[in-house]
Amino acid sequence: MADKSSKVPENVPGPWYVDTTCTPCRTCLEVDGADSLIKWNDDETLVFFHAQPADAAQEAIAEEMMAVCPTAAIGNDGE
Ligand code: SF4
């Protein structure tokens, strides 16, 4: 389970975040529409939420990314 006390600082504020357990493995980026919410940092050592879901379709994308992440680095209980 992701830990909101370990969010990577690049995440935009809001409930969805990536924490420091991102390896990064790219699995979440293979979800259709992932790039509308998540992208690499500059040196490609992790991914982060550059936007929060704005509608139900994007919420579904975020939920799917959370489900497929093998390290449980994606959470939705942030602030
Ligand atoms: S699936 Fe998880 S560990 Fe892999 S890149 Fe995405 S957030 Fe990082």
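Just follow the structure's listing: the first ligand is 1, and inside any ligand the first atom is 1. All values reported here derive from a predicted model rather than from experimental measurement.
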* Asked: Listing residue and atom name, which protein N/O/S atoms are closer to atom 6 (Fe) of ligand 1 than 2.8 Å?
  ->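 Near atom 6 (Fe) of ligand 1, the protein supplies Cys28 SG.
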* **Rounded distance [0.5 Å steps], CZ in Phe49 versus OG in Ser36** =>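 Output value for this atom pair is 9.5 Å.
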Please answer whether the main-chain N or O of [Y] pairs with a side-chain N or O of [X] as donor and acceptor at a distance below 3.5 Å.
{"X": "Asp35", "Y": "Lys39", "result": "no"}
{"X": "His50", "Y": "Glu10", "result": "no"}
{"X": "Tyr17", "Y": "Lys4", "result": "yes"}
{"X": "Asp19", "Y": "Asp3", "result": "yes"}
{"X": "Ser6", "Y": "Thr20", "result": "no"}

